[in-house]
Amino acid sequence: MLILVAILLVAMFFMSSRTRKQQRAAAEFRNNLTVGTKVMTASGMIGTVVDVDDANDQVTIESFPGSPTTWLRAAISKNIEEPVADDADTDDAADESDVTAESETASTISPDAKDVPDDLSDLDTAQREYREQQRRDADADGK
């Protein structure tokens with residue numbers, strides 16, 4: 001019984017120490033906010049820090065140019081990093097230019113392909129014709 005209690009106490013200590021470590025890291029991030037940092041608030045708003053007021057513990061964020069909003073420092077949840085351009089993106093553009101250079105159009109549709117409508121505009125007509133055919137068949141069977 002004593003061993004079980006000891007194991008539970010050790011497990012609780014490790015779980016709480018990990019939580020405290022995460023809280024310390026988040027507090028350190030919020031205390032080191034600088035102008036120009038792209039951040040996300042706890043409610044999900046993304047913007048760039050334009051002013052940090054240490055006296056009032058507030059941060060001014062601009063999500064759209066000309067629309068600053070003031071937030072409590074504790075409402076800032078994380079740093080948003082800008083994605084970097086991959087070399088694969090430039091390779092795709094080169095591949096597309098190769099396709100268009102080979103032929104006049106980059107279409108892969110053969111000239112004898114059947115045209116299929118993108119919408120269901122003919123659906124009502126098809127249903128009406130189906131119902132009329134069922135009525136004709138029922139009338140023919142009933143006579």
Phe29/Ile76 under side chain to side chain contact (heavy atoms under 4.5 Å, CB included): CA gap, chis, key distance, verdict: CA-CA 9 Å; Phe29 160 72; Ile76 308 300; 3.9 Å; yes
Distance (rounded to the nearest 0.5 Å) between Gln22 CD and Arg24 CZ: 10.5 Å
Nearest-0.5 Å distance that lies between atom CD1 in Ile46 and atom OG in Ser43: 10.5 Å
Side-chain heavy atoms of Leu33 within contact of Val39, under 4.5 Å: yes
Expected output: side-chain Thr69 to main-chain Ile61 donor-acceptor under 3.5 Å: yes
Side chains of Thr60 and Val49 in contact at under 4.5 Å (non-hydrogen atoms): no
Main-chain N/O of Gly66 paired to Glu62 side chain as donor or acceptor, under 3.5 Å: yes
Ion pair check, Asp53 and Arg73, cut-off under 4.0 Å: no
Heavy atoms from other residues, nucleotides or ligands near CD of Gln134 exceed 12 (cutoff 6.0 Å): yes
Enclosure of Ile3 CD1 (heavy-atom neighbours >12, cutoff 6.0 Å): no
Exercise: do Ser16 and Thr19 side chains pair donor with acceptor under 3.5 Å: no
Distance, nearest 0.5 Å, that separates NZ of Lys38 from OG of Ser63: 10.0 Å
Interatomic spacing from OG1 in Thr37 to CG in Asn32 - rounded to 0.5 Å: 10.0 Å
ILVMFWY network linking Ile7 to Val10, side-chain heavy atoms under 4.5 angstrom: no
Arg136 bridged to Glu132 by N-O distance under 4.0 Å: yes
